[in-house]
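Bear in mind the structure is a predicted one, so any value in this text is a computation, not a measurement.
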Amino acid sequence: MLTRTFLKHAFLAVAVCAMLCALTSTLPAAQQATTPNLKPYQTLAQEALKLVTAKDMKGASKKMDELEGKWDASGLNQTLPNIDSEMDAAKDAVGSGDAKKATAELNTYLGLLARASKPAKK
């Protein structure tokens with residue numbers, strides 16, 4: 001026999017299930033939306049690395065200044081402070097004129113960017 005209490009509970013259960021289904025379907029979209037586009041910064045860092053490899057430390061230093069300006073203007077320095085710190089370390093290494101150290105720091109920076117560019121695993 002269907003009672004009024006049973007119908008209330010059944011309706012509530014259906015409503016909760018519907019809400020959970022609606023929210024679950026939006027989670028992947030929300031995760032993708034929170035993954036920042038770091039490709040422009042990867043490109044600038046790769047260009048700086050090519051300049052370091054070519055022993056053009058002055059050109060690499062200018063490229064790193066460009067990278068830092070673009071990065072700071074984006075506001076990502078607040079959102080991704082570990083990447084910001086590594087970018088500063090790479091910039092300092094390039095500025096020091098030590099090609100070996102600059103190469104290592106730029107590769108570390110590029111690795112951080114690559115990991116941050118990937119969406120979170122489910």
Side-chain angles (χ1 to χ4, degrees):
M1 225 197 268
L2 295 176
T3 65
R4 180 172 255 209
T5 305
F6 175 78
L7 290 175
K8 282 183 185 179
H9 288 199
F11 177 74
L12 181 61
V14 169
V16 168
C17 287
M19 287 178 57
L20 287 174
C21 288
L23 290 175
T24 305
S25 65
T26 61
L27 285 177
Q31 287 176 342
Q32 288 176 348
T34 61
T35 304
N37 178 15
L38 300 176
K39 188 66 177 162
Y41 313 105
Q42 288 172 319
T43 301
L44 287 169
Q46 288 166 343
E47 290 171 4
L49 184 57
K50 286 179 186 175
L51 291 167
V52 168
T53 303
K55 306 286 190 235
D56 182 2
M57 298 307 280
K58 186 175 181 181
S61 187
K62 286 181 183 178
K63 191 60 68 175
M64 290 303 293
D65 288 340
E66 182 183 346
L67 171 62
E68 183 178 40
K70 186 174 184 119
W71 178 262
D72 289 345
S74 72
L76 289 171
N77 55 337
Q78 300 296 321
T79 309
L80 301 167
N82 59 332
I83 294 177
D84 184 62
S85 296
E86 185 55 42
M87 182 197 58
D88 291 337
K91 184 177 181 232
D92 291 344
V94 169
S96 76
D98 184 345
K100 188 175 182 178
K101 184 177 177 182
T103 299
E105 291 292 347
L106 281 166
N107 282 324
T108 301
Y109 176 69
L110 285 166
L112 283 175
L113 287 176
R115 283 191 296 278
S117 296
K118 293 180 181 175
K121 291 184 179 183
K122 297 176 187 176

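Residues K39 and L113 fail the side-chain proximity criterion, which asks for heavy atoms closer than 4.5 Å. For the pair L76 and P36, the minimum side-chain heavy-atom distance is below 4.5 Å. Considering only heavy atoms from C-beta on, L80 stays 4.5 Å or farther from Y41 through its side chain. Between D84 and D72 there is a side-chain heavy-atom pair separated by less than 4.5 Å. With contacts defined as side-chain heavy-atom distances shorter than 4.5 Å, the pair D88/E68 qualifies.
Nearest heavy atom pair, residue Y109 against residue M87, reads CE1-CB, 3.4 Å. Shortest non-hydrogen contact noted between L44 and K63 is O-CG, 3.4 Å. What you find for M57 and A102 is that their closest heavy atoms are CE-CB, 4.0 Å. Of all heavy-atom pairs spanning A48 and L106, the tightest one is C-CD1, 4.1 Å. Minimum heavy-atom separation, K70 to P40: CE-CB, 3.6 Å. Taking each heavy atom of A60 and V52 in turn, the nearest pair found is CB-CG2, 3.6 Å.
To the nearest 0.5 Å, atoms CG (L38) and CG (L110) are separated by 11.0 Å.
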Q. Is there a side-chain contact (heavy atoms from CB on, under 4.5 Å) between K91 and D65 once you walk through the steps?
A. CA-CA 8 Å; K91 184 177 181 232; D65 288 340; 2.8 Å; yes

Q: Let me see the working for K50 and E47 under salt bridge (Lys or Arg N to Asp or Glu O under 4.0 Å), right down to the final yes or no.
A: CA-CA 5 Å; K50 286 179 186 175; E47 290 171 4; over 6 Å; no

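Hydrophobic clustering (side-chain heavy atoms under 4.5 Å, transitive across Ile, Leu, Val, Met, Phe, Trp, Tyr) keeps L51 apart from L49.
In this structure a side-chain-to-backbone donor-acceptor pair under 3.5 Å is missing from S61 to K58. Of the possible donor and acceptor atoms, one in the side chain of S85 sits under 3.5 Å from a partner among the backbone N and O of P81.
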